[in-house]
Each structure stands twice: as structure tokens, then as C-alpha cells.
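See below for the structure under consideration.
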Amino acid sequence: MHFLALTDENGRLIWISAARPGRTHDHTAARHDHILAHLRAAGLGALADLGFRGLDNDILDSAIVTGYAASRTHKLTTGEKEANRVLAVGRGPVEHGFAHLKNWRILTKLRTDPDRATQLLRALLVLTNLEVNR
């Protein structure tokens, strides 16, 4: 099962996408959910992992910020490494938000159609936020 989620700067889950088969790539899911359009319309930005690299190619008004990837032919410069470190620090609360969601053990063995999984994910979003607020 594959889904996207957005958190605020404190790691609190604020949105979960529809569930899709696990083989779905991050780009595909983001395009289907119109993530870029929604972020720009709200005047927001997002810190994302390398799975979203290349999704937002607007250099002047980037809505999704990703890190730099090294390859065999391109080693990261000192500045790129430092940018990746700063991004990782900013993404820390995001990872905590996902960790709160993954505490629900039902997600580890969920084998159902995406429509039912979507309903379950959205219910868990509400329950997770109630639990975090306690």
C-alpha cells in the first residue's frame, strides 16, 4: 500500500492521500493528487525526500524542496552535503509524524483494496491527531 501524507512543522499529520498499490511511485501519486497545485494555491511549500526529486522543476517558485543525490559520476560538493543536512533537520518532525501513524499495527498487515484502505487511513489520521493532542 502506498500513500502520501503532509504534516505541519511540528510533525502533526494534516492530510493523507488516497491509498494506492504499493508499486506506485511518489511522482505518480503526487501528480494524481495534484500536490503541486494545492501547495501553490495555499501558498505553502513542502520538504520532501529524494523520491520527489524532479517533480517540481520551477526554480524560481519551488513548492517542493528535495535534497541532492549523488551518483557514480557526480559526487556531492560540500555545499550540497550541507544543504542535505539542513533539509534532514527540517524533515525530522515530518518523520515523527509518520512514525506516529505507523504505530497503528493494522497498517503492517493490511491487505485490502485501496478504497477500504483509504477509509482506514483517514480514520487513523483522526485517531492519531486525537492521541497526539492528549
Side-chain angles (χ1 to χ4, degrees):
M1 179 176 57
H2 182 271
F3 61 93
L4 301 176
L6 293 175
T7 68
D8 63 9
E9 64 276 359
N10 297 319
R12 185 174 178 175
L13 289 164
I14 55 176
W15 176 80
I16 292 180
S17 72
R20 293 189 171 77
R23 65 182 177 270
T24 306
H25 194 275
D26 290 337
H27 276 222
T28 305
R31 279 195 307 268
H32 282 283
D33 290 326
H34 308 287
I35 296 290
L36 285 174
H38 290 301
L39 287 172
R40 285 198 174 106
L44 298 173
L47 302 177
D49 61 15
L50 291 177
F52 292 92
R53 201 165 155 244
L55 181 65
D56 187 8
N57 291 325
D58 188 354
I59 296 171
L60 298 177
D61 186 28
S62 192
I64 295 180
V65 177
T66 60
Y68 294 95
S71 67
R72 287 185 200 181
T73 59
H74 172 71
K75 303 297 181 203
L76 293 182
T77 66
T78 306
E80 290 170 337
K81 288 179 184 178
E82 184 61 27
N84 281 352
R85 277 190 211 101
V86 170
L87 182 65
V89 168
R91 282 185 40 79
V94 174
E95 297 301 331
H96 286 284
F98 276 99
H100 283 298
L101 185 62
K102 290 179 180 179
N103 283 337
W104 297 98
R105 291 181 55 193
I106 188 149
L107 291 179
T108 61
K109 297 183 181 188
L110 185 63
R111 303 290 182 264
T112 185
D113 66 289
D115 290 333
R116 286 186 185 212
T118 299
Q119 293 174 359
L120 176 65
L121 283 169
R122 297 215 168 125
L124 291 178
L125 170 68
V126 172
L127 292 173
T128 300
N129 284 335
L130 287 173
E131 185 176 288
V132 169
N133 287 336
R134 273 190 336 179

Sequence-distant partners of [X], side-chain hydrogen bond (donor to acceptor under 3.5 Å, both in side chains), two or more places apart:
X	value
Arg40	Asp56
Arg122	none
Gln119	none

Restricting to salt bridge (charged side-chain N to carboxylate O under 4.0 Å, His left out), what partner residues turn up for Arg116, sequence neighbours left out?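 Checked Arg116 against salt bridge (charged side-chain N to carboxylate O under 4.0 Å, His left out); matches are Asp113.
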I'd like to check the salt bridge (charged side-chain N to carboxylate O under 4.0 Å, His left out) partners of Arg53; sequence neighbours left out, ordered by chain and number.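 Partners of Arg53 under the salt bridge (charged side-chain N to carboxylate O under 4.0 Å, His left out) test: none.
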Would you name the heavy atoms of [X] and [Y] that are closest together and state the gap between them?
X	Y	answer
Arg20	Thr24	CB-OG1, 3.5 Å
Lys75	Arg72	NZ-O, 3.8 Å
Ile16	Ala5	CG1-CB, 4.1 Å
Leu121	Ser17	CD1-O, 4.5 Å
His2	Pro21	CB-O, 3.4 Å

Out of Val94, Leu125, Asp8, which one pairs with Leu13 under the side chain to side chain contact (heavy atoms under 4.5 Å, CB included) rule?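 Passing option: Leu125.
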Taking ILVMFWY side chains as joined if any heavy atoms are under 4.5 angstrom apart, and letting links pass through other members, which residues group with Leu87?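 Under the 4.5 Å side-chain rule, Leu87 groups with Leu47, Val65.
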Cluster companions of Val86 among Ile, Leu, Val, Met, Phe, Trp, Tyr (side-chain spacing under 4.5 Å):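 Answer for Val86: none, a lone residue.
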What residues form a ring pair (Phe, Tyr, Trp, His ring centres under 6.0 Å) with His25, not counting sequence neighbours?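 Ring pair (Phe, Tyr, Trp, His ring centres under 6.0 Å) check on His25 returns His27.
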Looking at residues at least two apart in the chain, or sitting in another chain, which of them share a side chain to side chain contact (heavy atoms under 4.5 Å, CB included) with [X]?
X	answer
Asp49	Asp26, Phe52, Arg91
Thr78	none
Leu124	Leu101, Trp104, Ile106, Leu107, Leu120, Leu127
Leu76	Tyr68, Ala70, His74, Glu80, Lys81, Asn84

Hey, what do you get for [atom1] ([X]) to [atom2] ([Y]), rounding to the nearest 0.5 Å?
X	Y	atom1	atom2	result
Leu6	Leu44	CG	CG	9.0 Å
His96	Thr7	NE2	OG1	10.5 Å
Leu55	Ile64	CG	CD1	4.5 Å

Thr66 side-chain N/O to Leu50 backbone N/O, donor-acceptor pair under 3.5 Å: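 Pair absent, no side-chain N/O of Thr66 close to backbone of Leu50.
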Under 3.5 Å: donor-acceptor pair, side chain of Asn10, backbone of Arg12: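 Checking the backbone N and O of Arg12 against the side chain of Asn10, no donor-acceptor pair under 3.5 Å is found.
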Could you tell me whether the side chain of Leu4 reaches within less than 4.5 Å of the side chain of Trp15, counting heavy atoms only?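 Side chain of Trp15 against side chain of Leu4, heavy atoms only: contact under 4.5 Å found.
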